[in-house]
Structure formats: C-alpha cells, structure tokens
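Shown below is the structure under consideration.
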2 protein chains.
Amino acid sequence: MPRYKNYDENLVLEKAMNVFWEDGYKATSIRMLEKEMGINQFSIYASFKNKKELFIKAIQKYREHTAKNIYKDLLKPDAGLSELKTFLLKAADKKTAKFKYKGCLVVNTAAEIGIKDADINREVIMYYDSIYNMLRNILLNSIAKNEISSNINVEQYANFLLGVMQGISVASKTMNTKQLADFVSVAIAQIE
Amino acid sequence: MPRYKNYDENLVLEKAMNVFWEDGYKATSIRMLEKEMGINQFSIYASFKNKKELFIKAIQKYREHTAKNIYKDLLKPDAGLSELKTFLLKAADKKTAKFKYKGCLVVNTAAEIGIKDADINREVIMYYDSIYNMLRNILLNSIAKNEISSNINVEQYANFLLGVMQGISVASKTMNTKQLADFVSVAIAQIE
DNA sequence: TTTGTTACTAAGTAATTGCTTAGTAAACGG
DNA sequence: CCGTTTACTAAGCAATTACTTAGTAACAAA
C-alpha cells in the first residue's frame with residue numbers, strides 16, 4: 001500500500017557524516033545537508049528527527065567507519081606492537097594529509113561541544129571508551145608476544161596512548177609533518 | 001573636542017575572549033558578545049571591525065592571558081623539569097576542573113576552524129610556536145641542570161611535549177581524572 | 001480503478017545571524 | 001554660550017537558521 005522511500009538511509013547518513021566531519025556541528029546547516037545528502041529537508045526530518053539526532057547518528061556511523069577503515073588492523077583480536085607502530089607512523093605521514101586536515105570527528109566534537117550537551121557528550125565518551133579497550137587489548141597482546149615489557153601498567157599505558165591519539169588529531173591541524181613525526185616517534189619509544 | 005569612549009577596549013576584549021573560550025567561534029553571536037562585553041554592537045564594530053577580527057584579537061589576548069597565568073612558571077627563563085612536572089600534574093588535577101571543561105581556546109579553535117580560515121589558522125600556528133619555544137627552552141635548561149639526559153634530541157622531545165599538551169586539552173573533555181593522571185604520568189616518565 | 005498509506009516537492013514559518021544606519025549625547029576648544 | 005568631532009542608543013537591514021506545512025505523487029492491496 002504505502003509508497004517507498006527512494007533513498008538509502010544508511011547511504012545518506014554516511015554523506016551527512018562527511019559534512020559534519022568537514023565543517024563541525026554548528027557550522028553545518030540543514031541546507032548544506034540537504035544538498036550533500038541529495039534529499040529534501042522533509043526527508044531528513046522524517047528519517048532522523050532533527051539536526052542533533054542526525055549528528056548523533058553520524059557519530060555512530062563514524063565509529064563504524066573508523067572501525068572498518070582507520071582502525072581496521074588495530075582491531076584484529078591479535079593486533080600487537082607492530083600494528084600499533086604502523087598505525088601511529090601512518091597517522092603522522094604526509095600522504096594522509098587529506099585526512100589530516102579534517103582531524104577526527106569525535107575530537108572535533110569534544111572541542112566544539114564538550115560537556116555542554118549531555119547526549120552528544122555521551123557519544124564522545126563511548127567512542128573513546130572503545131578506543132581505550134582496543135589499545136588495552138593491543139598492549140596485552142604485545143606483552144604476551146614478548147614485544148614489550150610485562151612490567152608496565154597496562155591500563156596506565158592504554159590511557160597514555162589514548163591521550164597521544166587525541167593529541168595527534170589536534171596536532172594534525174597545528175603541526176607540520178616533521179613535528180608530527182617527532183611527536184609520534186617519541187611516543188612509540190616510550191612503549192617499546 | 002571629541003567625546004571619549006566610556007569603556008576600556010582591553011577590558012571588553014578580555015570579556016570577549018572568555019565568551020569565545022566558553023562557546024567557540026561560530027556559536028558565539030554578536031548579541032551574546034554585546035551582553036557579556038557590556039557595550040552596544042556599534043561599539044564592538046567601531047573598536048574591533050568585525051566578528052572575525054575580534055576573534056583574532058581574542059586569541060592574541062588569550063596568549064597574553066595564558067602567559068601571565070597558566071604558563072607563568074614555565075616561561076621563567078630558567079624553568080626546568082620540576083616546573084614542567086608541576087604544570088603537567090596540575091593540568092591533570094581534579095581541582096582545575098573548572099578550567100578543564102573549557103579546554104584550551106586555541107585547541108578548540110584548531111578543531112573548529114582548522115585550516116579553513118587562513119587568518120585564524122595563522123594565529124593558531126603562532127600560538128603553538130611560542131609554546132614550542134617555551135618547551136624547548138625548558139628541555140635545554142633541564143639538560144644544563146643535569147635533570148635529564150643530554151643524549152635526547154631536544155627538538156624532537158619539545159614536539160613530543162607539545163603534542164602531549166594538545167592531547168591534554170582534548171583529554172580534559174573526554175577522560176576522567178584517573179585516565180588523565182595516567183596519561184600525564186607516562187608522558188613525564190618519558191622525559192625523566 | 002478505487003482506496004488508503006506513505007513519501008515526495010516546494011513554499012513558508014518565526015527566530016536569529018552579522019552588520020548598518022539614523023539620530024542624539026558628550027566632550028572641549030573657541 | 002557655540003561648533004565640531006566623536007561615541008553612544010536603538011531600530012532596522014537582508015540573509016540565514018532549524019523546522020513545518022500544504023499539496024501532490026507513488027505505491028500496492030482490494
């Protein structure tokens with residue numbers, strides 16, 4: 001009986017995610033989203049309720065996106081020191097400049113919204129909680145593989161690496177390539 | 001002959017700085033500034049040209065502000081490892097929570113604007129250049145005082161510390177106190 | 001083909017954005 | 001007192017904001 005949607009909610013959400021990633025929450029207008037998502041405002045509100053809910057869904061989508069792409073190798077159950085090193089060096093590399101200037105959507109959100117909105121803040125916390133667990137697992141694997149000393153405090157080092165990763169996201173916008181490489185190489189030296 | 005301004009430009013700029021620090025560039029409206037600065041819109045435009053110029057002046061003011069307050073001890077010509085450690089531990093401390101949730105105006109700006117506006121980006125770069133020089137000087141002093149090994153690459157470690165400090169600014173919004181303390185203590189362990 | 005349900009387009013809402021302008025008040029040399 | 005210069009207040013500008021609504025089109029069962 002009913003008429004069917006002629007757009008893919010999952011696909012337009014991914015497009016919305018990219019707009020928010022590029023421009024931030026406040027600076028992204030519904031008109032821009034309308035244009036980039038390729039659907040009418042009415043459809044945006046029909047599918048995602050309002051701008052804030054769309055943004056929250058976009059953060060969740062970003063989590064999926066980074067898990068499938070950026071953190072893919074780090075999320076392998078047996079990922080260890082070599083995967084971590086590869087990741088960090090790549091994050092500081094010139095060739096990833098296109099990514100660099102956008103930074104991390106979640107870091108950008110933390111900086112822009114902070115704790116001013118409880119719902120959005122919850123998503124930020126959840127995101128970094130999953131990154132923390134990922135890092136913790138990598139450290140445990142690295143110890144098991146004898147890649148790093150078993151004397152370290154795993155939780156402490158996981159939090160250190162989490163802080164470094166958040167630092168990299170900002171530093172990718174404020175530092176040049178040499179500075180970024182310096183930052184990352186000293187951070188790596190600390191764990192190995 | 002002429003009538004004189006009955007507000008202090010330096011004082012209203014400091015108030016503007018605090019509004020931008022709290023809410024960011026885009027989310028701060030001229031009406032809000034009018035209210036917080038305690039002067040009419042006309043006067044804002046007469047003194048600071050437009051919103052963007054006011055924001056840039058606010059960043060410069062922030063540089064003065066942090067130099068006189070937050071970085072006061074670190075900027076002493078002979079500041080060394082002990083000053084640095086005190087600073088980092090304080091940055092991760094619970095008692096500074098009021099500051100914590102605002103983060104750093106410049107990190108917030110880097111996340112929000114990034115390289116999208118060349119004039120604003122220039123201020124961000126300049127700010128962190130001065131922090132870099134401060135950190136480099138501290139490391140040189142620390143070596144001279146035999147507080148740290150003279151084998152380290154000073155520029156490399158200065159960039160590491162710069163990255164850590166940018167990380168702390170974000171982490172103050174995403175981490176709990178324990179996590180922040182972990183992050184900072186491992187970072188300190190790396191230099192001493 | 002009719003009917004009921006949902007999805008579309010396009011126009012419009014009030015409120016807010018950054019910024020301007022017209023008119024008046026304050027200062028002080030003459 | 002006057003005259004000139006600058007600073008103030010308050011109203012108003014067009015453009016944009018997030019969001020809605022009225023009307024129509026598409027679907028599929030009856």
Side-chain angles (χ1 to χ4, degrees), chain A residues 1-59 108-109 112-113 116-120 123, chain B residues 1-59 61 105 108-109 112-113 116-120 123:
Chain A
M1 273 149 132
R3 180 180 177 179
Y4 298 132
K5 285 186 167 61
N6 60 5
Y7 59 92
D8 181 344
E9 288 197 337
N10 201 52
L11 214 109
V12 296
L13 177 57
E14 204 171 311
K15 289 181 180 176
M17 175 198 81
N18 280 308
V19 184
F20 283 125
W21 193 359
E22 182 74 37
D23 292 329
Y25 178 64
K26 195 82 207 295
T28 298
S29 73
I30 303 292
R31 255 84 173 183
M32 286 165 64
L33 288 166
E34 195 177 23
K35 204 175 172 184
E36 294 297 320
M37 294 167 82
I39 57 175
N40 189 274
Q41 291 191 43
F42 176 90
S43 301
I44 296 178
Y45 286 96
S47 285
F48 304 101
K49 198 179 172 186
N50 56 38
K51 189 185 172 184
K52 184 176 143 179
E53 290 299 316
L54 173 59
F55 184 62
I56 286 174
K57 294 242 169 63
I59 294 176
N108 296 352
T109 302
E112 184 183 351
I113 318 279
K116 277 174 275 180
D117 187 294
D119 302 312
I120 294 174
E123 296 300 320
Chain B
M1 275 143 131
R3 181 179 177 180
Y4 298 132
K5 283 186 167 62
N6 61 5
Y7 60 91
D8 181 344
E9 287 196 338
N10 201 51
L11 213 110
V12 296
L13 177 57
E14 204 171 312
K15 288 181 179 174
M17 175 197 81
N18 280 306
V19 184
F20 283 125
W21 193 358
E22 183 73 38
D23 291 329
Y25 179 65
K26 194 85 206 295
T28 297
S29 72
I30 303 293
R31 260 79 174 182
M32 287 165 64
L33 289 165
E34 194 176 24
K35 204 176 170 182
E36 295 297 320
M37 294 167 83
I39 56 174
N40 188 274
Q41 291 191 44
F42 175 90
S43 301
I44 296 177
Y45 286 97
S47 285
F48 304 101
K49 197 179 174 189
N50 56 39
K51 188 185 174 185
K52 184 176 144 181
E53 290 299 316
L54 173 60
F55 184 62
I56 286 174
K57 294 240 170 65
I59 294 176
K61 187 87 215 163
L105 170 60
N108 295 353
T109 302
E112 184 184 349
I113 319 279
K116 277 175 276 179
D117 185 294
D119 302 312
I120 294 174
E123 296 300 320

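Letters A, B, ... are given to chains in the order of the sequence lines, protein chains preceding strands, and every chain is numbered from 1.
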Check the distance between C/dT16's C1' and B/K26's NZ and give it to me in whole angstrom. 11 Å
How close or far is atom P of D/dA18 from atom NZ of A/K35, stated in whole angstroms? 15 Å
Taking salt bridge (charged side-chain N to carboxylate O under 4.0 Å, His left out) as the test, write out the residues that go with A/K26, two or more places apart. none
Would one find a side-chain N or O of A/Y7 under 4.0 angstrom from OP1 or OP2 of C/dA7? no
Between P on C/dC8 and CD on A/E34, what's the gap in Å once rounded to a whole number? 13 Å
Is any side-chain nitrogen or oxygen of A/N6 closer than 4.0 Å to OP1 or OP2 of C/dA7? no
Residues at least two apart in sequence or cross-chain that pass salt bridge (charged side-chain N to carboxylate O under 4.0 Å, His left out) with B/K61, listed by chain then number, are B/E64
Is the terminal nitrogen or CZ of A/K52 (NZ for Lys, CZ for Arg) located under 6.0 angstrom from the six-membered ring centre of A/Y25 and within 45° of that ring's axis? no
Stepwise side-chain contact (heavy atoms from CB on, under 4.5 Å) test for A/N40 and A/E34: CA-CA 6 Å; A/N40 189 274; A/E34 195 177 23; 3.8 Å; yes
Without decimals, in angstroms, what is the distance between A/L33 CG and D/dC19 P? 11 Å
Looking only at N and O atoms, is any donor in the side chain of A/R3 or the base of C/dA7 less than 3.5 Å from an acceptor on the other one? yes
B/K116, NZ: over 12 other non-hydrogen atoms inside 6.0 angstrom: yes
Quick one: CD1 on B/I39 to NZ on B/K5, what's the gap to the nearest 0.5 Å? 9.0 Å
Is the phosphate of C/dC8, meaning OP1 or OP2, less than 4.0 Å from a side-chain N or O of A/Y4? no
To the nearest angstrom, how far is A/D8 atom CG from C/dC8 atom P? 12 Å
Just to be sure I understand the geometry, which residues of residues 36-57 of chain A put a non-hydrogen atom under 4.0 Å away from DNA chain C? A/N40, A/F42, A/S43
Please report the distance, rounded to the nearest Å, between CD in A/E9 and C1' in C/dT6. 13 Å
